[in-house]
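Some notes on the structure that comes next.
Throughout, protein chains are lettered first and strands after them, A, B, ... in sequence-line order, and every chain is numbered starting at 1.
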Amino acid sequence: MLIDDRDLNSGRDAARPNSASRSRAKQSAASAAPAAVIPPAVVASPALPAEPGELATMHRDVTSWFSGIARDLPWRSADCSAWGILVSEVMLQQTPVVRVLPVWQDWMERWPTPADLASEAPGEAVRHWGRLGYPRRALRLHAAAVAIRDEHNGEVPADFDHLLGLPGVGSYTAAAVAAFAFGQRTTVVDTNIRRVHARLISGLALPSQSLAAAEMRLADSLLPQDQELSVRWNAAVMELGALVCTARAPKCQECPVRPSCAWLAAGEPPPTYTPKGQAWHGTDRQVRGAVMAVLRSASSPVIREAFGTSPADLGFAPDGVAIPLAALHRLNPAPEQLERALDGLLADGLAEEHDGGLRLPA
DNA sequence: CATGCGTGGAG
DNA sequence: TCTCCAAGCAT
């Protein structure tokens with residue numbers, strides 16, 4: 001069920017019958033008994049804590065928990081530049097922290113400022129993106145570096161709208177950079193925060209399939225008024241979703257706001273829809289990925305024939321290209337699919353023609 | 001607004 | 001093995 005205006009403004013009491021006892025539950029113990037089970041249909045309406053004090057309590061509980069458990073990530077370091085934070089946010093789009101860490105370190109040593117990256121060929125950004133996935137992000141990060149150099153005097157803009165204007169920066173990333181790099185009070189909404197709100201406030205197992213406007217308004221209404229606290233709240237709720245309120249098998253025993261969770265109170269109702277998994281085997285994406293692995297490791301243009309024919313001697317250094325070429329040949333895509341993949345990569349600017357072959361954009 | 005876009009670890 | 005999914009964005 002989607003959140004709409006009507007739901008936002010009504011049904012508070014019905015949705016949160018334990019509202020009056022929540023503050024007490026906080027003070028007594030983390031092991032307070034869960035509230036009585038409420039029919040999912042009733043709880044499915046989002047309800048803000050009725051009293052301002054309850055909201056403040058929630059802020060305190062989550063941020064205090066965050067202080068004790070927050071991961072020591074390099075882009076959270078006090079001396080991390082806005083550029084470093086922007087790079088981390090783009091790398092973290094749809095990619096787990098553990099895989100981002102080494103690549104982010106490499107990028108920061110290689111290109112400590114936007115101007116450093118901007119002076120490189122875009123293909124170098126793609127090459128050093130490694131296997132993070134969605135290599136278009138590397139291309140856009142390079143384009144963002146150029147825009148920062150040329151249009152923002154080399155400094156990452158602090159303004160939300162200016163950030164939003166950068167390639168590869170959408171509403172989430174713009175809000176996150178404004179908050180985490182510049183300490184601004186912005187409404188950050190990512191998949192973790194959406195899931196926490198869905199459970200804690202709306203009593204749903206999962207957020208809706210598309211981000212609705214009412215969801216942003218809900219996040220707005222939950223955001224602490226105090227600027228510094230709002231930054232901490234954004235980071236804390238995100239961390240809560242990443243470490244405790246996870247998509248699968250949430251660790252509710254470790255949750256700092258367990259006593260006031262609408263989803264737990266409702267008896268953990270299952271999702272009302274089943275997310276359709278992304279197809280992978282046999283898709284163009286799989287072929288594109290295999291082609292990109294070849295281009296990243298190749299130091300000179302690769303002729304089109306090399307992608308589709310047997311892995312005979314094609315004149316490449318065996319150590320560099322043998323493995324990715326082998327992977328592509330193992331896939332053995334139909335000629336038309338291979339062409340479609342190559343043309344798509346060309347259209348996306350991830351590859352370019354040169355000397356009768358394909359290479360990363362120079 | 002639904003779809004396409006990579007990758008590899010966990011359950 | 002196989003399915004799910006991880007700090008989204010652009011079209």
Side-chain angles (χ1 to χ4, degrees), chain A residues 2 70-71 73-76 84-104 126 129-141 143-144 163-181 186-196 205-213 215 219 234-243 245-251 271 273-296 324 327-328 331 340-341 343-345 347-350:
Chain A
L2 292 176
R71 290 168 291 178
L73 303 172
W75 45 85
R76 285 178 176 167
I85 290 172
L86 172 60
V87 170
S88 79
E89 291 298 344
V90 174
M91 287 184 172
L92 286 163
Q93 292 168 4
Q94 303 284 280
T95 305
V97 166
V98 286
R99 244 180 317 165
V100 164
L101 278 169
V103 179
W104 183 87
V126 175
W129 193 251
R131 305 188 66 83
L132 284 187
Y134 294 145
R136 296 191 290 198
R137 292 181 292 165
L139 220 46
R140 291 179 183 141
L141 213 30
L163 285 164
L164 200 53
L166 296 173
V169 175
S171 58
Y172 160 74
T173 304
V177 172
F180 304 139
T186 62
T187 306
V188 179
V189 176
D190 77 325
T191 187
N192 287 311
I193 291 178
R194 295 188 68 210
R195 189 173 53 249
V196 170
L206 296 174
S208 61
Q209 298 179 68
S210 60
L211 204 169
E215 221 174 319
N234 280 325
V237 176
M238 209 178 307
E239 192 84 333
L240 184 62
L243 299 182
C245 197
T246 51
R248 280 180 304 184
K251 304 172 181 66
Y273 65 94
T274 55
K276 45 184 171 187
Q278 302 176 343
W280 173 245
H281 292 287
T283 63
D284 288 0
R285 270 202 294 184
Q286 189 182 25
V287 177
R288 287 170 57 116
V291 170
M292 287 305 297
V294 174
L295 295 184
R296 280 197 308 270
L328 180 58
L331 273 181
R340 196 164 58 239
D343 291 343
L345 292 173
D348 288 349
L350 285 165

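- If you check every strand for non-hydrogen atoms under 4.0 Å, A/W75 touches a base.
- No engagement by A/S88 is indicated, since no non-hydrogen atom pair under 4.0 Å with the nucleic acid exists.
- Residue contacts shown for A/L73 include a base, since a base heavy atom lies under 4.0 Å away.
- Side-chain atoms of A/E239 come within 3.5 Å of backbone N or O of A/R71 as a donor-acceptor pair.
- No engagement by A/R340 is indicated, since no non-hydrogen atom pair under 4.0 Å with the nucleic acid exists.
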**Message:** As a quick check of understanding, evaluate side chain to side chain contact (heavy atoms under 4.5 Å, CB included) for A/L206 and A/Y273, giving each step before the final call.
**Reply:** CA-CA 9 Å; A/L206 296 174; A/Y273 65 94; 3.8 Å; yes
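- Here the P atom of nucleotide B/dG6 and the CG atom of A/L350 are 7 Å apart, to the nearest Å.
- Here A/A176 lies out of heavy-atom contact (under 4.0 Å) with every strand.
- Residues from residues 89-99 of chain A that place a heavy atom under 4.0 Å from any atom of DNA chain C, listed by number: A/E89, A/L92, A/Q93, A/Q94, A/P96, A/V97, A/R99.
- Remark: P of B/dT3 and OH of A/Y134 are 14 Å apart, rounded to the nearest angstrom.
- A distance-only check finds no donor-acceptor pair linking the side chain of A/R195 to the backbone of A/P207 [under 3.5 Å].
- Going from the P atom of B/dG6 to that of C/dT11 covers 14 Å, rounded to whole Å.
- A donor-acceptor pair is defined here as one N or O able to donate and one able to accept, closer than 3.5 Å; no such pair exists between the side chain of A/W129 and the backbone of A/V103.
- Taking 4.0 Å as the cut-off between side-chain N and carboxylate O, A/R137 and A/E89 do not count as a salt-bridged pair.
- Using a 4.5 Å heavy-atom cutoff, the side chains of A/R99 and A/P96 are in contact.
- A/N234 places no side-chain N or O within 3.5 Å of a backbone atom of A/A179 that could act as its donor or acceptor partner.
- If you check every strand for non-hydrogen atoms under 4.0 Å, A/L132 touches a base.
- The side-chain hydrogen bond (donor to acceptor under 3.5 Å, both in side chains) contacts involving residues 284-293 of chain A comprise A/Y134-A/R285, A/Q278-A/R285, A/D284-A/Q337, A/D284-A/R340, A/R288-A/D348, where partners must be two or more places apart or lie in separate chains.
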**Request:** Using the side chain to side chain contact (heavy atoms under 4.5 Å, CB included) rule, take A/W75 and A/L101 through it: C-alpha gap first, then chi angles, then the decisive distance, then the call.
**Result:** CA-CA 9 Å; A/W75 45 85; A/L101 278 169; 3.7 Å; yes
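- The span of DNA chain C lying next to chain A, judged by atoms under 4.0 Å from heavy atoms, is bounded 5' to 3' by C/dC4 to C/dA10.
- Among the heavy atoms of the strands lying under 4.0 Å from A/R71 is at least one base atom, whether or not backbone atoms are also near.
- Note on A/R140: only backbone sugar-phosphate atoms sit closer than 4.0 angstrom, heavy atoms only; bases stay farther off.
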**Message:** Using side chain to side chain contact (heavy atoms under 4.5 Å, CB included), reason through A/Y172 and A/T191 one step at a time and then give a plain yes or no.
**Reply:** CA-CA 10 Å; A/Y172 160 74; A/T191 187; over 6 Å; no
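- When the C1' atom of B/dG9 is taken as reference, atom CG of A/L101 falls 15 Å away, rounded to whole Å.
- Residues that satisfy the side chain to side chain contact (heavy atoms under 4.5 Å, CB included) test with A/A143, not counting sequence neighbours, are A/P167.
- The side chain of A/R288 places an N or O atom within less than 4.0 Å of a non-bridging phosphate oxygen (OP1 or OP2) of B/dG6.
- Residues from residues 277-286 of chain A placing a heavy atom under 4.0 Å of any atom in DNA chain B, listed by number, are A/Q278, A/W280, A/R285.
- For the side chain to side chain donor-acceptor pair (under 3.5 Å) test, no residue two or more places apart in sequence or in another chain qualifies with A/R248.
- Rounded to a whole Å, the CZ atom of A/R248 is 6 Å from the C1' atom of B/dA10.
- Here A/A242 lies in heavy-atom contact (under 4.0 Å) with sugar-phosphate atoms only.
- As rounded to the nearest Å, B/dG11 and C/dA7 have P atoms that lie 15 Å from one another.
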